[in-house]
Amino acid sequence: MGENMTENKKLLLIDGNSVSFRAFFAMHNVLDKFISGDGVHTNALYAFNNMLEIILKEEKPTHALVAFDAGKTTFRTKMYSEYKGGRAKTPPELLEQLPLIKELLNLRGIKTYELKDFEADDIIGTLSKEGEKDDMDVTVITGDRDLTQLTTKKVTVRVNVKGVTETESYTPEHVKEKLGIDPNQIIDMKGLMGDNSDHYPGVEKVGEKTAVKLLNQYDSMDGIYDNIDDMKKSKLKEHLINDKDQAFLSRKLATIDTDAPIEVKMGDLEYQGDNQEQLIRFYQKMSFNSFLERMDVDTDTNVSDLAEIEYSLLDEKALKQIVSDTGVQTVIVESLGENYHTTPIIGLAVESGDKYYATDDVGILENQDFKDWLADKSKEKYVFDYKKTIALLDRYGCKIDGVTFDMLLVAYLLDTNDSKQDIGLVAQNYGHNLPTEDEFYGKGAKKAIPTDTDKLLNYLAQQAQVIVSLHDKMMAELKDNDQDSLYDEIELPLTIVLSDMELQGVTVQASKLKEMENSFAQRLSDIEKSIYAAAGEEFNINSPKQLGVILFEKLKLPVIKKTKTGYSTAVDVLEKLKDKSPVVQQILDYRQISKINSTYAVGLQKFIQPDNKIHTIYQQTLTQTGRLSSIEPNLQNIPIRIDEGRQIRKAFVPQHENWEMFSADYSQVELRVLAHISGDEHMQEAFKEDYDIHAHTAMRIFGLNSTDDVTPNMRRQAKATNFGIVYGISDYGLSQNIGITRKEAAKFIESYFEQYPGVKKYMDDIVKFARENGYVETIMHRRRYLPDIHAKNFAQRNFAQRTAMNTPIQGSAADIIKVAMINMQKKLKQENLQANLLLQVHDEMIFEAPKSEIETLEKIVPSVMDSAVKLDVPLKVESAHGKTWYEAK
DNA sequence: GACCTCACG
DNA sequence: ACGTACGTGAGGTCC
């Protein structure tokens, strides 16, 4: 180890422009929320400071500097006038924040610097070299990958990967691993391949791959051109010769100047630390409450630093005040851990008339006045996670009603990324200093209720306080987004429907599952034996790693696809190897049965409660599209496609004798939604006339005159294309799915768009909408923000575009069934039926009902479902019933 | 805890 | 040249 006599001097260099840029777009979706008193946007400033806090803590620099670009023209534009040409202008909302960012840095004791005719990169390059000469450790923070060329043993370059706080650290080893070349070869690589975003060319047809290959062979661009005469004749050689001048110019442009004429000296860069007084005033001016709070409690967010709040014990005396209060009150019912259907309540808190009450004695729930107050619909209440609160109280014999504000639900509707089902996280997103569950109770094995009861009760009181103080702001945002009816009329009423379903539970016969488990076990052991025989040895078939060795090394089957860690043994790969060896089919069989056995036959038994029922949890605030998800267990993926798996459904039965299972599903709801929102005439006609949609599509894209001429294979391909359209199609994806070439797939798509021009227009328009607004929305104004729609990275951006196309379709379908569920529950009550809604699987509802009610359900369920919303095309519902879920289809 | 695989819409 | 279908949850392996 080298001795460092300068005592760990540490230089921090930040690329001010690129980090500000990232900061701005990372918080672009809250642009309008972050405005200072005098009307200046502050989102980038806020995110920048966030990053700064984290970086300063991690890096503990002794010296620091933030470099900025000085202007549009530099020595590079003089060399090549097109340099960075065609770049989008910096948004004015960001531009106005740059002086604020510099002011902030000044108050935080960090020097800023810019130099005429040079870019921030050159300042950083020059100083990092100087720091290294002084034997300092240097860290560079930037949003720009180009700076990785500065990486050395002493210089680490951290590039923002997601937002501004997550970075990827480049050391020389990491560069080598990632790019396959050394840091000092990066400029040669850029010279050869050019740079689209900086707008300079390299050598024609040379991309990253080719450049790296050449550099591995010839070391540098000079090496390539020294040996060019010896290269054998090829297009590549021709391009290299033709574009030689261009390549050397590009390399020059890509090279960061490490010898810029800067006027600052290392001594000027000493990190000063915060100017407390002025910084506080600055934060106040910017309304940065969270940063202000952090200053008061110092930097440590330990539980002991929890701001104290005054509360009294929630006892009989307090209840007198609470039940007589006519104003809005906030209720906290706390439980720790995973599944709220089984975990105990560990504490309660109520905010009432600006006072806080809390207790860890659940005996209070036996007080009749309290019970009545909780169940009283006319007593308005606020909570966090209404569904959980209902379920917890239910086990203690209490009902709760009158809830008008569920902070979790509102946070989710405002931004699907925001809700992490943790009040601390939501609070922190809104600038409040409340610990998360993990922060307060500890993580993993260390998780525990604090021994100091006062601490716990204080935390609960604080939760109530956060809910009270954020209510107005969040509800106002909801209204601004035009999402108030989505909340009032759909999500909040749905919470009650879902809690009914969860608490009702579905009856599952353990004996039936046990029986299947035994028969699967027998079959598995048979197949196992014959696989071992074919392989010539015993191994763990469930291990993709071991299986890979057997298939591709021992049996020498051709490798079709690789994963990050080894050979892929996924179904699509094995399907292609089926005729090469009989063992492949046996492995497929083994996999299938093993999956059904472990996940369902064995797995589901563990969830059957003493009441012979399974009580799943529907996550209402999780998916990015507005669908529900089901956990512990997941009852939305019970097998159906293959009969062996489908047998599992025979264990799902009604809870009473002489009852039946009844299921009803929407037919092609997503395509109908697409027909509606795209307004495409041909697709709308197909649904209005109730044609077989896939046959109709086949007829159109294959240019036939009648659906009678459509072959089953044509229909299959058209069906896949319809699915692809809904997912945000790509020719590659479609080609993989139906086993045709990419070219053929591209043809399909082209003719699809010719036949359904409205669909094409929708796809173009929705992506444009996402680019302009930063989000997309459903028919009920459910929102999904798509920050990656502006990503520089091709794959990320494309993904965001497909998401923009798919989300309004999938999400609107989710809206529709949610409305139907609410109406259905109402109808069952109105009609005084005993039938119970038990499950929802995205486009279907599953009920149990007395046999005598089945006929009624057959009329009312489809009618409630297809009238849930009014679209430009009809909705279609199919239903079935039988003794078990298996038969109800 | 990451990764692979596979169940559903 | 890039690297892909959209949305989920869970079990098993391996580190």
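So that the names make sense, note that chain A is the first sequence line, chain B the second, and so on, each numbered from 1. As the structure is a prediction and not an experimental result, all values here were calculated from the model.
A donor-acceptor contact closer than 3.5 angstrom is absent between the side chains of N417(A) and Y412(A). For E528(A) and S525(A), the side-chain atoms include no donor-acceptor pair closer than 3.5 Å.
Toward the 5' end of DNA chain C, the nearer of the two residues N737(A) and Y600(A), judged by each one's closest nucleotide, is N737(A).
For S730(A) against dT4(C), a side-chain N or O and a base N or O form a donor-acceptor pair under 3.5 Å.
Pair assignment for dG7(C): dC8(B), on the basis of Watson-Crick or G-U wobble contacts that are both within less than 3.5 Å.
Among the atoms of the strands shown, only primed sugar atoms or phosphate atoms (P, OP1, OP2) are found under 4.0 Å from some heavy atom of N540(A).
Going from atom CZ of R783(A) over to atom OH of Y775(A) covers 3.5 Å, rounded to the nearest 0.5 Å.
With a 4.5 Å cut-off on side-chain heavy atoms, E238(A) and E204(A) do not count as touching.
When the C1' atom of dG9(B) is taken as reference, atom CH2 of W885(A) falls 12 Å away, rounded to whole Å. At whole-Å resolution of the value, CZ in R742(A) and P in dG3(C) are 12 Å apart. One atom, CG of N597(A), and another, C1' of dA10(C), lie 14 Å apart when rounded to the nearest Å.
A heavy atom closer than 4.0 Å to some atom of DNA chain C occurs in R802(A), T803(A), N806(A), Q810(A), these being the qualifying members of residues 800-813 of chain A.
If you take atom P in dC4(B) and the same atom in dT4(C), they sit 12 Å apart, rounded to whole Å. Spacing between dT5(B) and dA5(C) at atom P, rounded to whole Å, works out to 13 Å.
Residue G728(A) comes nearest to M805(A) through the heavy atom pair CA-SD, 3.8 Å, listed as atom of the first residue, atom of the second, then distance.
Closest contact between the side chain of A720(A) and the listed nucleotides dG9(B), dC14(C), dA5(C) involves dA5(C). When distances run from any side-chain atom of Q592(A) to the nucleotides dA1(C), dA7(B), dT13(C), the shortest one goes to dA7(B).
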